[in-house]
Amino acid sequence: FGNLDRAALEAKVKEALETKGLLLNDIMAITFVRTHTDPQSGKPADEIVGIDEILSLLANEVPPQLLRALGDEYLYGVHALGDNLPFLIVKVRSYESAFAAVLGWAKTITHDVATLFNITRFTPPEIYEFTDILIKNRDVGVLYDEVRVPIIYYSFVDRETLILTTDRVTFEELLNRLATPKRTLR
């Protein structure tokens, strides 16, 4: 992106969600990069766009407390399970602030992240709280539509890591991958 705008961001997300050729259970990371002019050299330089800026651009009612609590490290991507299912893993600076903000975001989260998560079904107006469930021994919040089909899942897998996704199998796969130690090449 040059100047970051909503239309360019939406186009990048749509392109990622429609990526063909991924193998079953593949995960593809999507990086949002902006080119700017380096003030010292005068040359073009790339910088990764922060998740707080992306959410601010796409989400009309994201709690400011959540934006402040989010860290700089995040991974937005898709998990190939027939369709490309989006997910977001983000490090948080303050668990307490992020947790409270996510709970308060329940009323508008599905609309706010609809573009990032390809959400086309929404919670009825009378549903404004996450339902707590357990998945792989983790506390998970779920928002359902009017016929009790899950729309979005969230969980703090530890005090520093928040996961958002629209699919239970994707959520379980992310947990597995986060729990698997990284291999060291020798």
Side-chain angles (χ1 to χ4, degrees), residues 9 12-13 16-17 22 25-34 47-59 61-81 83-119 123 129-144 150-185:
L9 188 57
K12 177 78 171 173
V13 168
L17 292 172
L22 296 176
N25 215 28
D26 273 358
I27 287 187
M28 179 180 74
I30 294 111
T31 305
F32 300 101
V33 177
R34 167 182 34 228
E47 68 178 346
I48 296 176
V49 179
I51 194 62
D52 57 337
E53 190 174 348
I54 291 167
L55 287 175
S56 294
L57 194 61
L58 294 177
E61 297 185 48
V62 63
Q65 177 184 10
L66 178 61
L67 294 176
R68 288 188 301 273
L70 297 178
D72 296 329
E73 293 180 58
Y74 72 94
L75 173 63
Y76 173 73
V78 294
H79 178 221
L81 280 179
D83 291 328
N84 292 338
L85 302 167
F87 66 87
L88 175 66
I89 302 171
V90 61
K91 292 292 186 181
V92 296
R93 290 185 180 105
S94 168
Y95 168 78
E96 292 79 9
S97 295
F99 184 78
V102 168
L103 290 179
W105 198 19
K107 275 187 176 179
T108 63
I109 189 173
T110 54
H111 290 281
D112 283 346
V113 298
T115 299
L116 273 180
F117 288 93
N118 199 29
I119 294 174
T123 54
E129 291 181 346
F130 288 97
T131 300
D132 294 326
I133 63 171
L134 279 176
I135 299 176
K136 292 193 153 210
N137 220 20
R138 302 282 183 178
D139 291 323
V140 179
V142 183
L143 282 176
Y144 295 98
I151 299 172
I152 194 162
Y153 297 83
Y154 91 88
S155 182
F156 287 89
V157 296
D158 56 38
R159 294 181 67 82
E160 298 175 345
T161 311
L162 169 64
I163 293 179
L164 291 165
T165 188
T166 56
D167 183 78
R168 182 182 180 123
V169 174
T170 297
F171 180 81
E172 291 175 1
E173 181 62 21
L174 294 172
L175 284 179
N176 289 341
R177 291 184 187 215
L178 288 169
T180 303
K182 296 178 184 169
R183 290 185 231 149
T184 304
L185 300 176

More than 12 non-hydrogen atoms from neighbouring residues, nucleotides or ligands closer than 6.0 Å to CG on L178, yes or no?
-> yes

Is the CD atom of E47 crowded by more than 12 outside heavy atoms at less than 6.0 Å?
-> yes

Donor-acceptor pair, [X] side chain versus [Y] backbone, under 3.5 Å?
| X | Y | value |
| --- | --- | --- |
| T161 | V157 | no |
| D83 | L85 | no |
| S155 | D139 | yes |

Does the side chain of [Y] come within less than 4.5 Å of [X]'s, by heavy atoms?
| X | Y | value |
| --- | --- | --- |
| I54 | I51 | yes |
| T165 | L88 | no |
| I109 | L164 | yes |
| I89 | Y74 | no |
| F130 | V102 | yes |
| Y153 | L143 | no |
| I48 | T31 | yes |
| L9 | L58 | yes |

Could you walk me through whether Y144 and T123 pass the side chain to side chain contact (heavy atoms under 4.5 Å, CB included) test, one step at a time?
-> CA-CA 6 Å; Y144 295 98; T123 54; over 6 Å; no

Per the side chain to side chain donor-acceptor pair (under 3.5 Å) rule, which among T108, T115, T110 passes with D112?
-> T108

From [atom1] ([X]) to [atom2] ([Y]), nearest 0.5 Å:
| X | Y | atom1 | atom2 | result |
| --- | --- | --- | --- | --- |
| I135 | I133 | CD1 | CD1 | 4.0 Å |
| F99 | Q65 | CZ | CD | 11.5 Å |
| T166 | L116 | OG1 | CG | 11.0 Å |
| S94 | R159 | OG | CZ | 8.5 Å |
| L22 | M28 | CG | CE | 5.5 Å |
| D52 | L66 | CG | CG | 9.5 Å |

Taking only Lys NZ, Arg NE, NH1 and NH2, and the carboxylate oxygens of Asp or Glu, determine whether [X] and [Y] approach each other closer than 4.0 Å.
| X | Y | answer |
| --- | --- | --- |
| E172 | K136 | no |
| K107 | E61 | no |
| R34 | E53 | yes |
| D72 | R93 | yes |

Would you name the heavy atoms of [X] and [Y] that are closest together and state the gap between them?
| X | Y | result |
| --- | --- | --- |
| A69 | S97 | CB-CB, 3.9 Å |
| G77 | I30 | CA-CD1, 3.4 Å |
| F156 | V92 | CE2-CG1, 4.2 Å |

Side chain to side chain contact (heavy atoms under 4.5 Å, CB included) evaluation trace for E173 with T170 = CA-CA 5 Å; E173 181 62 21; T170 297; 5.7 Å; no

Verify side chain to side chain contact (heavy atoms under 4.5 Å, CB included) between L134 and V140, making sure each step is shown before the conclusion.
-> CA-CA 6 Å; L134 279 176; V140 179; over 6 Å; no

Does a donor on one side chain and an acceptor on the other come within less than 3.5 Å for H79 and N84?
-> no

Go through the steps to decide whether W105 and V62 satisfy the test side chain to side chain contact (heavy atoms under 4.5 Å, CB included), and finish with yes or no.
-> CA-CA 7 Å; W105 198 19; V62 63; 3.7 Å; yes

Validation row, ring centre Y76 to ring centre F87 under 6.0 Å = no

